[in-house]
**Student:** 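Quick one: this structure, given as structure tokens, is what I'll be asking you about.
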Protein chains: 2
Amino acid sequence: MSLTIGVDVGGTKIAAGVVDEKGVIGQRVRRTTPSEDPAAIVATIVAVINDLADGHEVDAVGVGSAGFVDSGRSKVMFAPNLAWRDVHVRDQVAEATGLPTVVENDANAAAWGEFRFGAAEDVDDMVLLTIGTGVGGGVVLGGEIYRGAHGVAGEMGHLRVVPDGHICGCGLKGCLEAYASGTALVREARTAASLPSAARILTLAGGDPQSITGPMITAAAAEGDDLAIVLLTQLARWLGEAMGSFTALFDPAVFVLGGGVSAAGDLLLAPAEEALRKQITGRGFRPEPEVRLATLGNDAGICGAADLARK
Amino acid sequence: MSLTIGVDVGGTKIAAGVVDEKGVIGQRVRRTTPSEDPAAIVATIVAVINDLADGHEVDAVGVGSAGFVDSGRSKVMFAPNLAWRDVHVRDQVAEATGLPTVVENDANAAAWGEFRFGAAEDVDDMVLLTIGTGVGGGVVLGGEIYRGAHGVAGEMGHLRVVPDGHICGCGLKGCLEAYASGTALVREARTAASLPSAARILTLAGGDPQSITGPMITAAAAEGDDLAIVLLTQLARWLGEAMGSFTALFDPAVFVLGGGVSAAGDLLLAPAEEALRKQITGRGFRPEPEVRLATLGNDAGICGAADLARK
């Protein structure tokens, strides 16, 4: 069976694995991303690949990277959390490893992973939404990743949901990411920290509102804590209402929810789906999308990038 | 040169023409739509086609229809302004005329027309926005109409731009259509009708706010009337900001603005483009879309449907 290597390059870690044709990951490697040094990031990716290629017969490499990847899938134009600016990642990695290499946006790679091996393997049109530090996403239309005219389509987190709303990491205001990300969840919890209902969350944070994290809120919600459930429900409602807009535009068969916050499971899925159903134009006169949780977790990017390398 | 017939079926009129391979329309026919009677609409389409086919050697027929067209492009599932509900338009028209027939959503057909023969013939990824009674649209991605999993993608007017905003014709609140359509333009003008600055618009309407129409506002703006310009600029700003969201999602090479309100020309285009530029995530680190006015006017649907029939 043919093997390829998938590499998932994020702002904090580089995770990679040897993947077979069915999306099963064998050997894995994980390194810290030297995110401030453009050449060191490339060198780390090359080292990881050489580690994995040593002892496996691999055919090609797929690199899923945070940031804007150009339409030729050769260079990373810009990445908010990596020092790369117009870096020709494909050629540098291919040259240093001697392996055919493809570069893809990390969320696109994850969408491809869920489409080929995960929650959406039975459909042709799907939208992945990753709810983590930010809100990312990828779009598979008619069985192909949709990249846009310039390679930067599918920035789902930058749908504007509130005019003049909360400031977003991108510099604009009112983006979905400023309402439905883990960062937004923590912001709302900190804002509520002085309320009596915040007692449980605050205890988990050792009494310091600034120490509240997303997983603490998810954990409190799983225990049945009222405020934590309200906060997650609020996030899920923004997400579901945005899915209403995405449905009008993309008409997908399936939405897949991934990323760290999706660990909340049904506490996220149920209110998101309820909000979506209320926001579908022409409801009753058109088929509706399903909403599913991602099944590959953090492996989606590795599996997707590896499969794209094969393709 | 091969000829096909394009039919554009709207809520008030059915317009059709014989079209050649270059998108040039020869003979034309136009009839009032018997919009309340499902069978009469089909009969009128058939009569129009038979009129045109009599005396021309035509190969096929393309019907662009308002409403939701199923993914098999065979039936119209629902149309807000036509009595059709789950009507198998393709088979009925093909049987009655003896000509191969395709059915397409009217905005998709218009997008295809502008893509093949009009304002966007030089690119592969374009979004058409038609600003008329409502806000419609069509999306061509990678040189193909994108229809979605169920055939109903590209409902650009039903992007939600304001939570709990103005009520939309679709029954939901805050849709782009409730802010950037001709209907919204007239609503805002009527709301402002008692202001001194509304004098010119009110004069054009014979003194009756209820008689204000979109073309009156466009005409006043062209004369330099301040309020009319403010109202058009406000509409354009909503449109441009929505294009910012569409850019994040679709990353098109070109937006094409069509529909009745686009007759305002630069009074619409310039402020829409300005608003778009301020709403592009990652500006400076990514290529940006162009914004152009449609060039085919009301013929886009006929030309597009006719070309899809050939395809």
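Residue numbering restarts at 1 for every chain, and letters A, B, ... go by the order of the sequence lines.
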**Student:** So for B/I280, is it side chain, backbone, both, or neither that comes closer than 4.5 Å to the heavy atoms of chain A?
**Tutor:** backbone
**Student:** On a heavy-atom basis, which atom in A/L159 and which in B/L249 lie closest, and how many Å separate them?
**Tutor:** CD1-CD1, 4.2 Å
**Student:** Counting heavy-atom pairs under 4.5 Å with chain B, which one of A/A253, A/P287, A/G284 comes out on top?
**Tutor:** A/P287
**Student:** Heavy-atom distance under 4.5 Å between the side chains of A/V162 and B/P163, does that happen here?
**Tutor:** yes
**Student:** Side chain from CB out, backbone as N, CA, C, O: work out which of these in B/V152 comes under 4.5 Å of a heavy atom of chain A, or both, or neither.
**Tutor:**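 Backbone plus side chain of B/V152, per the 4.5 Å heavy-atom cut-off to chain A.
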**Student:** To check you understand the geometry: which heavy-atom pair defines the closest contact between B/P252 and A/A149, and what is its length?
**Tutor:**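 So the two residues come closest at C-CB, 3.8 Å.
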**Student:** Between chain A and chain B, which donor-acceptor atom pairs come closer than 3.5 Å, counting both backbone and side-chain atoms?
**Tutor:**
unit_1, atom_1, unit_2, atom_2, d
B/D125, OD2, A/Y146, OH, 2.8
B/Y146, OH, A/D125, OD2, 2.8
B/Y146, OH, A/F250, O, 3.0
B/A149, N, A/D251, O, 2.7
B/A149, N, A/D251, OD2, 3.4
B/H150, N, A/D251, OD2, 2.8
B/H150, ND1, A/D251, OD1, 2.7
B/G151, N, A/D251, OD2, 3.1
B/V152, N, A/D251, OD2, 2.9
B/G154, N, A/A248, O, 3.3
B/G154, N, A/L249, O, 2.8
B/E155, N, A/A248, O, 2.8
B/R160, N, A/S245, OG, 2.9
B/R160, NH1, A/E241, OE1, 3.2
B/R160, NH2, A/E241, OE1, 2.6
B/E241, OE1, A/R160, NH1, 3.2
B/E241, OE1, A/R160, NH2, 2.6
B/S245, OG, A/R160, N, 2.9
B/A248, O, A/G154, N, 3.3
B/A248, O, A/E155, N, 2.8
B/L249, O, A/G154, N, 2.9
B/F250, O, A/Y146, OH, 3.0
B/D251, O, A/A149, N, 2.7
B/D251, OD1, A/H150, ND1, 2.6
B/D251, OD2, A/A149, N, 3.4
B/D251, OD2, A/H150, N, 2.8
B/D251, OD2, A/G151, N, 3.1
B/D251, OD2, A/V152, N, 2.9

